[in-house]
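Sequence positions, counted from 1, serve as the residue numbers for this chain. Just so you know, ligand 1 is whichever comes first in the structure, and atom 1 is the first atom listed for that ligand.
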Amino acid sequence: PGGPGNDASVLTKTKSKTQRPPMYKVMLLNDDYTPMEFVVHVLERFFGMSHAQAFDIMLTVHKKGLAVVGVFSFEVAETKVAQVMDFARRHQHPLQCTMEKEE
Ligand code: TYC
């Protein structure tokens, strides 16, 4: 007779067919000091872009201040951000990479 966990409450649960795992936008931020070629290299190396693609996105960041460079699961996004931030730090460039949950 009623209560959670009985057959009725299980059967009346609705399941959305459109639910998906949350995805995260990884973004690159502009600064005045990181060399353009370094940013292009980062996009090729960590985001699998062609040179032309990487150059295009780098210019977008340079002109607009930031750009989304990819959309990934939480774990992959976190790894990309960490890899870029570590690589930039090791080369002593102030390049910033961040992630944000997609709406
Ligand atoms: N603005 C930098 C320059 O003029 C180039 C740059 C592009 C830096 C993109 C960061 O995410 C960035 N050297």
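For atom 5 (C) of ligand 1, the nearest non-hydrogen atom of the protein is Thr34 O, 3.3 Å. Residue, atom and distance of the protein heavy atom nearest to atom 9 (C) of ligand 1 are Val61 CG1, 3.5 Å. For atom 4 (O) of ligand 1, the nearest non-hydrogen atom of the protein is His62 CE1, 3.1 Å. Annotation: atom 6 (C) of ligand 1 to nearest protein heavy atom, Asn30 OD1, 3.4 Å.
The aromatic rings of Phe72 and Phe47 sit tilted relative to each other, their planes meeting at an angle between 30° and 60°.
Checked by distance only, ligand 1 and Asp31 come closer than 3.5 Å through their nitrogen or oxygen atoms. Between Asp32 and ligand 1, no pair of N/O atoms sits closer than 3.5 Å.
Val68 and Met58 end up in different hydrophobic clusters when Ile, Leu, Val, Met, Phe, Trp and Tyr side chains are linked at under 4.5 Å.
Ionic pairing of Lys25 and Glu102 is not present here: no N-O contact between side-chain nitrogen and carboxylate oxygen is shorter than 4.0 angstrom.
How far CZ of Phe38 is from CZ of Arg45: 8.5 Å, rounded to the nearest 0.5 Å.
No side-chain donor-acceptor contact under 3.5 Å links Glu78 to the backbone of Glu75. Between the side chain of Thr34 and the main chain of Leu95, a donor-acceptor pair closer than 3.5 Å is present.
Those atoms of ligand 1 that come under 4.0 Å of a heavy atom in Leu29, given as number and element, are 10 (C), 11 (O), 12 (C). Heavy-atom contacts of Leu95 reach the following atoms of ligand 1: 10 (C), 11 (O), 12 (C) (cutoff under 4.0 Å).
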